[in-house]
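Okay, structure first, notes after.
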Amino acid sequence: MAAPTVTLSFIFEGDFTNKKRNLLHLFLEFAKFGCFTFGGGWSIIAQMQQLYVDKRKEITSQELLDLASVAKSLPGTMISNVAMLYGYRVGGLAGGFSAVFGMILPPLAVILVISYFYAAFRTNPWVNAAMEGMQAAVVPIIFSAAVNLVKGSMPYPPCVLLLILSVAAYLFTDWSPIVLVILGVVLGMVIGSWYERRQPHDPA
């Protein structure tokens, strides 16, 4: 049985039919994500894992991991990149924009309110206590997303060594994260190509 490979085709080969229904559903679903995406981009990955992978079986954990990897590698925020990529997959360009707008509108509304009442919020002990409790609750959410996605993140044994070396280089050297990402991409392509060549191919 061939080892799993990273593929991005799921982003560009989605079902673009019945777009009106998809646009509405996308907007509402990502608006819901936007209301509860605390702790950064990995929080939305945890929510998408629960809805699209575990509940609806629309995508696999490997596909969600591919999407998150691409979103983290692109310029801009991970959250908006994830929304655009997934929205494009299921609804084309309009689906991508629907998901992005659904994702950003709730946080934008909250930020506007907080900005207007910033002085009161900053000194309010109840608000500070709520934020501290929220931060504590975010940790297991992000951790659960990492545990669910790690299964498909290292399809080949050398990827484990690459992970260890990358962490060590990040913690104990002054290498730029950009350099580490580029090296990871190059070495990942080399490792994947080498294992692909080793796999037996079915005769045409």
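Bear in mind the structure is a predicted one, so any value in this text is a computation, not a measurement.
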Solution key, residues 26-36 side-chain donor-acceptor pairs under 3.5 Å, sequence neighbours excluded:
unit_1: Glu29; atom_1: OE1; unit_2: Tyr52; atom_2: OH; d: 2.5
unit_1: Glu29; atom_1: OE2; unit_2: Arg56; atom_2: NH1; d: 2.7
unit_1: Glu29; atom_1: OE2; unit_2: Arg56; atom_2: NH2; d: 2.9

Atom pair OG1/CE of Thr77 and Met84 - distance to nearest 0.5 Å: 11.0 Å
Separation between OH of Tyr88 and CG of Leu93, rounded to the nearest 0.5 Å: 7.5 Å
Gln50 atom CD, over 12 foreign heavy atoms within 6.0 Å: no
Check: Ser193 side chain, Val190 main-chain N or O, donor-acceptor pair, under 3.5 Å: no
Leu65 and Ser61, any side-chain heavy atoms less than 4.5 Å apart: no
Arg89 side chain near Leu67 side chain, heavy-atom distance below 4.5 Å: no
Heavy-atom check, side chain of Val160 versus side chain of Ile164, under 4.5 Å: yes
Residue pair Met48, Val53: steps toward the side chain to side chain contact (heavy atoms under 4.5 Å, CB included) verdict: CA-CA 7 Å; Met48 293 178 69; Val53 178; over 6 Å; no
side-chain contact (heavy atoms from CB on, under 4.5 Å) against Pro107, all qualifying residues, sequence neighbours excluded: none
Within-4.5 Å side-chain heavy-atom neighbours: Ile44 and Met78: no
Least distance between heavy atoms, Leu23 atom then Ser98 atom: CD2-OG, 3.3 Å
Spatial distance of atom SG (Cys159) from atom CD1 (Ile191) [nearest 0.5 Å]: 5.0 Å
Side chain to side chain, Tyr86 and Glu58, heavy atoms closer than 4.5 Å: yes
Nearest heavy-atom neighbours spanning Ala71 and Val82: CB-CG2, 3.4 Å
Ile178 atom CD1: more than 12 heavy-atom contacts under 6.0 Å: no
Connected via hydrophobic side-chain network under 4.5 Å: Ile182 and Leu165: no
Val181-Leu162 co-clustered via ILVMFWY side chain contacts under 4.5 Å: no
Between CG on residue Leu180 and OG1 on residue Thr173, distance to nearest 0.5 Å: 6.5 Å
Results of side-chain contact (heavy atoms from CB on, under 4.5 Å) for Thr60 - residues two or more places apart only: Gln62, Glu63
Same apolar cluster (I L V M F W Y, side chains within < 4.5 Å links), Met103/Leu51: yes
Shared hydrophobic cluster, Trp175 / Val186 (ILVMFWY, side-chain heavy atoms < 4.5 Å): no
Same apolar cluster (I L V M F W Y, side chains within < 4.5 Å links), Leu24/Phe101: yes
